[in-house]
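Since the structure comes first, as structure tokens, the remarks are kept for the end.
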2 protein chains.
Amino acid sequence: MVSSQQELQRIALAEFAIAGYTGTSIQRIAELAGLSKSSVLYHFTSKEALLEAAVSPAVERLNVLLSDLEDRGLNADYRATFITQFVDFIFDCRQEVHLFINQGPSLVGLAVIDRANDTVRRLAHYFAESTSNPHDKMRFGIALGGSAYMLCTADNFEMPLESDDETRQALVAIMNELLAPVRAE
Amino acid sequence: MVSSQQELQRIALAEFAIAGYTGTSIQRIAELAGLSKSSVLYHFTSKEALLEAAVSPAVERLNVLLSDLEDRGLNADYRATFITQFVDFIFDCRQEVHLFINQGPSLVGLAVIDRANDTVRRLAHYFAESTSNPHDKMRFGIALGGSAYMLCTADNFEMPLESDDETRQALVAIMNELLAPVRAE
DNA sequence: TGTGTGGCTGACCGATCGGTCAGTTAGTCT
DNA sequence: AGACTAACTGACCGATCGGTCAGCCACACA
């Protein structure tokens, strides 16, 4: 038996991610949960509080991941660790990632979104500064954006994914390729 | 002197792409254009008609690109041609692409969106069937999604891009890598 | 000088939005 | 039995939504 709070959080996250924050009404979430609109606002003081509860954990987790990366650096021995952790993160939090990647810029002003935007910017900045080669910067962007895209958006377009393990391993392998700073041409 | 129609279409596309279709009111578009809400609805019979006008050309262009690919196949000699055309397409239509990639699934029922979703699904399907190797399927997805991501979303997170030519060339090079069906391990 | 006509507008419509509030249950403790 | 509380609800609020409609105005053509 899950609590109404958890259930509402789960439903809201799914709806916010696919239909958008502004495109999802409290009424809609209430219907999916089998409750009234008033009940939703009983458990969460506002629509923004519901968003906060739904995506905040993912933002904090990405922040930890990024802080570790900034401390340890992208040298060859830590790179593999970071990549597996990053892939695991997107695996676990694909809806949250989809939400604050795609809606982050348009939801500025909401506290948790501002924090998410800062974190994503810091991540982008770190990779942009880790090489002076424009070509490599592009590789980094494609690795980060492409892997996030595969997990977050692919479902919506009926791209069939293999089993979780197979997908995870393939993602890790490709990211290792794309993030390798020196490659044979 | 550009016509009000063209101006409205341009403004609407930019707003729809960044703030979302449901998150953008006709009133908002009117303000940005320096017109009244009634004027917007004079030039376009409905909000949906405005969306149609804004993204339809991009959908048709992607359809042509995809039809050519389906006719010619992904053999080595045509692959390079497709990649440059695809990159050019995302370059020219990054707002439209951003819109129907991210909002497509939630805007089902709008005619132009349904057409866009069909086209994207066809594209995904083509690449998914062009190899039986799950690892390669993942490479294709990352190539298509990652390159789209770089051009459509990177701006929003202050990822500085190089000059257009440099970015385009880098994108083409990396996509050639990722789409090469046979590689050394 | 009239007669259109294309571009544009404000007033207005029903519906829905996020949010408030008083009140109704059902269960728990004393 | 009575008091308290957590969970939940319907009625209601002002604001905004997409859209309709009658009419205004500058300008072209007769």
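The model shown is predicted, which means the values in this text are computed figures rather than measured ones. Chain letters run A, B, ... following the sequence lines, proteins first, then strands; residues in each count from 1.
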Counting only N and O atoms by type, is there a donor-acceptor contact under 3.5 Å from the side chain of B/Gln103 to the main-chain atoms of B/Tyr21? yes
Using a cut-off of 4.0 Å on non-hydrogen atoms, how would the nucleic acid contact of A/Thr22 be classed: base, sugar-phosphate, or nothing? nothing
If you walk 5' to 3' along DNA chain C, what is the first nucleotide with an atom under 4.0 Å of a heavy atom in chain B, and what is the last? C/dG6 to C/dA11
Any side-chain heavy-atom pair of A/Ile142 and B/Leu178 under 4.5 Å: yes
Check: protein-nucleotides 24-27 of chain D nitrogen or oxygen pairs below 3.5 Å:
none

Taking only Lys NZ, Arg NE, NH1 and NH2, and the carboxylate oxygens of Asp or Glu, determine whether A/Arg139 and A/Glu177 approach each other closer than 4.0 Å. no
Could you state the CD-C1' distance from A/Gln6 to D/dA7, rounded to the nearest angstrom? 15 Å
So does A/Thr24 get a backbone contact from the side chain of A/Lys47, meaning a donor-acceptor N/O pair under 3.5 Å? yes
Test side chain to side chain contact (heavy atoms under 4.5 Å, CB included), reference B/Ser147, set B/Leu171, B/Val87, B/Ile174, output is B/Leu171
B/Val59, B/Phe91: one ILVMFWY side-chain cluster at the under-4.5 Å cut-off? yes
Is A/His98 reaching over with its side chain to a backbone N or O of A/Ala17, donor-acceptor style, under 3.5 angstrom? yes
Carboxylate-amine/guanidinium proximity below 4.0 Å for B/Glu7 and B/Arg10: yes
Is the shortest side-chain N to carboxylate O distance from B/Arg61 to B/Glu96 below 4.0 Å? no
Check each residue of residues 29-46 of chain A for a non-hydrogen atom within less than 4.0 Å of any atom in DNA chain D, then write out the ones that pass by number, or none. A/Leu35, A/Ser36, A/Ser38, A/Ser39, A/Tyr42, A/His43
Do the side chains of B/Phe140 and B/Leu66 join up, straight or via other hydrophobic residues, at under 4.5 Å, putting them in one cluster? yes
